[in-house]
Amino acid sequence: MDKWSVLYSGIFLFLLLNIPSALAASPTPESVYIPFLQCLSNFTHSSDQVSKIVFAQTNSSFSSVLQDYIRNARFNTTSTTKPLLVVTPLQEPHVQGAVICAKNIGIQLKIRSGGHDYEGISYVSDQPFIILDMFHLRNITVDVKNEVAVVQAGATLGELYYRIWETSKVHGFPAGVCPTVGVGGHLSGGGYGNMLRKFGLSVDNVIDAKIVDVNGKILDKGSMGEDLFWAIKGGGGASFGVILSYTVNLVAVPEIVTVFKVIKTLDENQNVTEFVFQWQQVAPHTDDRLFMRLLLQPVSSKVVKGKKTIRATVMALFVGGADEVVTLMGKEFPVLGLKKENCSEMSWIDSVLWWGNFDNATKPDALLDRNVNSASFLKRKSDYVQKPIQKDELEGIWKEMIELGKTGFVFNPYGGKMNEISSDATPFPHRVGNLFKIQYSVNWDEPGVDVENNFLSQARKLYSYMTPFVSNSPRSAFLNYRDLDIGTNSFGKNSYEEGHVYGVMYFNDNFERLVKIKTAVDPDNFFRNEQSIPTHPVIAGSESGAGKLLHSSLRWKLMVKMILLLIVGLFI
Ligand SMILES: Cc1cc2nc3c(=O)[nH]c(=O)nc-3n(C[C@H](O)[C@H](O)[C@H](O)COP(=O)(O)OP(=O)(O)OC[C@H]3O[C@@H](n4cnc5c(N)ncnc54)[C@H](O)[C@@H]3O)c2cc1C
Ligand SMILES: *[C@@H]1O[C@H](CO)[C@@H](O)[C@H](O)[C@H]1NC(C)=O
Ligand SMILES: *[C@@H]1O[C@H](CO)[C@@H](O)[C@H](O)[C@H]1NC(C)=O
Ligand SMILES: *[C@@H]1O[C@H](CO)[C@@H](O)[C@H](O)[C@H]1NC(C)=O
Ligand SMILES: *[C@@H]1O[C@H](CO)[C@@H](O)[C@H](O)[C@H]1NC(C)=O
Ligand SMILES: *[C@@H]1O[C@H](CO)[C@@H](O)[C@H](O)[C@H]1NC(C)=O
Ligand SMILES: *[C@@H]1O[C@H](CO)[C@@H](O)[C@H](O)[C@H]1NC(C)=O
Ligand SMILES: *[C@@H]1O[C@H](CO)[C@@H](O)[C@H](O)[C@H]1NC(C)=O
């Protein structure tokens with residue numbers, strides 16, 4: 001061989017090694033639709049059925065199917081990347097098929113249940129992808145005798161609450177306050193609501209689950225084993241498989257519960273600083289039937305025109321009667337000034353509607369409405385507070401909030417049941433020692449990149465300002481308050497290190513166990529997203545992610561072609 005042949009062979013070899021991953025990165029709607037449909041038809045009753053559950057980009061319903069479960073207008077623009085296909089399974093075998101077929105074709109699968117992910121990662125990606133949309137799988141079976149319910153992943157929290165109420169007036173379930181949130185994302189990410197001090201997180205009340213694993217097998221608690229069952233109770237379902245359903249324990253609620261709302265404003269001489277300071281002493285330590293959420297917002301002053309001030313709102317649920325909570329607050333929190341006339345007694349299901357900001361005459365069937373969300377642009381972030389913030393520090397925070405202009409806080413008190421569950425009982429680690437969780441919250445209605453950058457940057461500035469007052473090493477975050485600012489994964493050589501950055505913030509010491517489980521159940525990292533649990537580089541072997549996904553028979557064909565070319569090249 002002369003030096004030219006050596007050079008040519010070198011180039012061919014280079015191409016040989018690189019073409020598979022180049023091909024894997026560029027499937028098109030055309031190249032995916034037919035093979036996917038053909039493959040999926042093996043898992044449906046008829047080819048007629050398969051064409052009814054797969055929406056291609058050219059389908060006239062594509063946009064509406066895609067948009068039905070978008071809850072953040074930031075990811076609803078013409079420049080937002082679109083899936084090549086949306087698959088909407090009607091039955092469990094369709095989910096098995098979707099996993100197997102996406103894996104065979106070598107394309108990323110994004111799983112969506114309620115679509116409430118704050119960063120839209122259930123329906124947006126910078127890689128070509130298919131959405132597996134679970135909204136049809138929404139059956140709920142309530143068994144009051146055994147005090148359990150089986151709820152499919154595509155059901156909403158509102159539907160779950162409604163079906164429980166329909167069957168029993170003295171049972172409920174501890175989960176989020178927004179009724180359109182999906183069970184699949186909410187429970188697999190932990191899930192909390194206004195009964196967390198009494199009953200813990202949603203996942204503390206999960207007793208079984210059904211998932212489709214990376215091989216397309218349906219597993220329950222018994223067949224998936226303790227580790228995987230532990231992982232999908234707060235570790236994020238999307239790293240491990242597709243959640244089909246959870247079995248949950250119902251909790252006992254009294255026939256009458258109490259809600260109240262108290263509002264104080266800084267510039268009306270209502271001593272907001274003292275109020276918030278005392279809230280920190282009371283809310284995380286009081287009777288565990290009482291959940292007092294505190295909202296802090298910069299608002300326009302009613303006293304001085306054109307000036308901003310801080311408004312503090314307490315929204316509370318007491319799982320009991322009004323007299324009792326008025327007496328309790330009189331003793332523990334006199335600054336609140338709570339009187340009986342400030343309280344409303346109602347059924348638990350009406351309290352769900354009250355927390356959902358429905359008009360006070362709304363009937364429970366409003367919880368079945370899936371189209372109630374307004375479509376704002378929004379950004380959320382989270383933090384945990386472990387020691388009370390001092391009064392002068394609070395005053396500094398008010399000043400910063402007023403200067404920034406729009407970003408507010410929601411303080412969610414912990415304590416109660418949260419202190420009784422060990423931090424490794426589930427992947428969710430933020431238990432004893434945490435006084436409250438902060439949600440940073442900013443919504444806006446105007447489209448545009450500049451507007452967006454302005455609001456993102458003010459949320460980030462406030463987050464940075466809060467550094468001295470919140471948890472550190474690691475600075476903790478709540479998975480369900482998805483925030484891509486804290487790190488993302490690019491699935492390259494440093495996937496584990498990248499995953500470690502956000503992983504320890506979401507899961508603290510539970511991160512390593514999640515990595516071990518991930519590596520065991522999905523070593524090729526098929527189930528991945530911007531913030532999924534990475535595989536362990538040593539245990540999993542050197543090759544990771546996308547490259548491995550290319551269908552092996554396709555890779556063989558390519559190799560044979562390249563070798564033939566190489567031989568021809570050597571002879572001319
Ligand atoms: C208005 C609003 C109110 C909220 N209130 C609360 C609250 O009170 N308490 C609280 O804890 N959180 C709350 N959240 C956050 C919410 O719990 C999370 O966004 C949750 O992940 C949403 O679940 P989803 O199924 O609707 O979301 P999706 O966007 O569908 O999914 C979220 C994540 O879960 C994955 N996933 C979804 N379904 C499955 C499945 N079947 N199998 C495997 N992975 C799956 C997705 O791939 C994605 O990574 C709220 C969010 C919004 C927008
Ligand atoms: C689907 O069925 C066809 C034959 O009908 C078969 O050739 C193909 O391998 C099957 N694919 C899968 C993923 O089962
Ligand atoms: C769009 O997709 C749906 C579901 O796959 C199918 O029933 C319908 O016939 C398609 N419509 C068009 C115009 O392609
Ligand atoms: C998305 O955009 C469509 C119009 O293009 C609109 O009808 C829908 O309400 C929007 N949804 C969200 C969540 O912004
Ligand atoms: C939902 O329940 C109905 C009625 O029991 C049943 O016919 C259907 O197959 C169930 N769907 C799924 C996806 O389990
Ligand atoms: C706020 O209340 C505290 C104690 O209740 C008091 O010492 C302080 O002077 C009050 N501040 C204002 C501005 O009223
Ligand atoms: C409680 O109700 C009374 C009487 O309606 C009202 O004057 C007072 O402002 C309310 N207090 C709070 C804290 O909302
Ligand atoms: C509901 O609204 C009506 C009229 O505004 C009011 O009289 C009633 O007290 C309210 N009920 C509750 C529970 O707030």
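Quick note: residue numbers are just sequence positions, from 1. First listed ligand is number 1; within each ligand, the first listed atom is number 1.
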Check your understanding: ligand 5 and Glu92, any nitrogen or oxygen pair closer than 3.5 angstrom?
Key -> no

Practice item. Please state whether Ser61 comes within less than 4.0 angstrom of ligand 3, counting heavy atoms only. Key: no

Review point. Atoms of ligand 5 less than 4.0 Å from Leu137 heavy atoms?
Key: 13 (C)

Exercise for review: Output the list of atoms in ligand 5 that are nearer than 4.0 Å to some heavy atom of Leu90, sorted by atom number.
Suggested key: 13 (C)

Exercise for review: Evaluate the criterion side-chain hydrogen bond (donor to acceptor under 3.5 Å, both in side chains) for residue pair Gln57 and Tyr33; output intermediate values, then yes/no.
Suggested key: CA-CA 10 Å; Gln57 288 184 353; Tyr33 184 62; over 6 Å; no

Check your understanding: Between Asn76 and ligand 4, is there a nitrogen or oxygen pair with a distance under 3.5 Å?
Key -> yes

Check your understanding: Quick one: does ligand 3 sit under 4.0 Å from the side chain of Ala56, the backbone, both or neither, non-hydrogen atoms only?
Key -> neither

Review point. Between Val54 and ligand 3, which part of the residue brings a heavy atom under 4.0 Å of the ligand: side chain, backbone, both or neither?
Key: backbone

Check your understanding: Is atom 5 (O) of ligand 3 less than 4.0 angstrom from at least one protein heavy atom?
Key -> yes

Exercise for review: Enumerate the atoms of ligand 3 whose separation from the nearest heavy atom of Lys52 is less than 4.0 angstrom.
Suggested key: 4 (C), 5 (O)

When you compare the side chains of [X] and [Y], does any donor N or O come within less than 3.5 Å of an acceptor on the partner?
{"X": "Thr488", "Y": "Glu498", "result": "no"}
{"X": "Asp143", "Y": "Asn146", "result": "yes"}
{"X": "Tyr502", "Y": "Asn489", "result": "yes"}

Exercise for review: For the pair Phe411 and Phe409, name the ring-plane relationship: parallel under 30°, tilted 30 to 60°, perpendicular over 60°.
Suggested key: tilted

Check your understanding: When rounded to the nearest 0.5 angstrom, what distance separates CD1 in Ile211 from CZ in Phe240?
Key -> 9.5 Å

**Study point:** Distance, nearest 0.5 Å, that separates NE2 of His116 from CG of Leu157
**Key:** 8.5 Å

Which residue supplies the protein heavy atom nearest to [atom], what is that atom called, and how far is it?
{"atom": "atom 1 (C) of ligand 3", "value": "Asn59 ND2, 1.3 Å"}
{"atom": "atom 2 (O) of ligand 5", "value": "Asn139 ND2, 2.2 Å"}
{"atom": "atom 13 (C) of ligand 3", "value": "Ser60 OG, 3.9 Å"}
{"atom": "atom 14 (O) of ligand 5", "value": "Gln152 NE2, 3.1 Å"}

Review point. Ligand 5 versus His136, non-hydrogen atoms closer than 4.0 Å: side chain, backbone, both, neither?
Key: neither

Point to revise | Asn525 side chain near Arg528 side chain, heavy-atom distance below 4.5 Å | key: yes

Point to revise | Pair Tyr161 + Phe173: ring centers closer than 6.0 Å | key: no

Check your understanding: Do other residues, nucleotides or ligands put more than 12 heavy atoms under 6.0 Å from the CD atom of Glu166?
Key -> yes

Study note, to complete from the structure: If we number the atoms of ligand 4 from 1 as shown, the ones under 4.0 Å from a heavy atom of Ala73 are 14 (O)

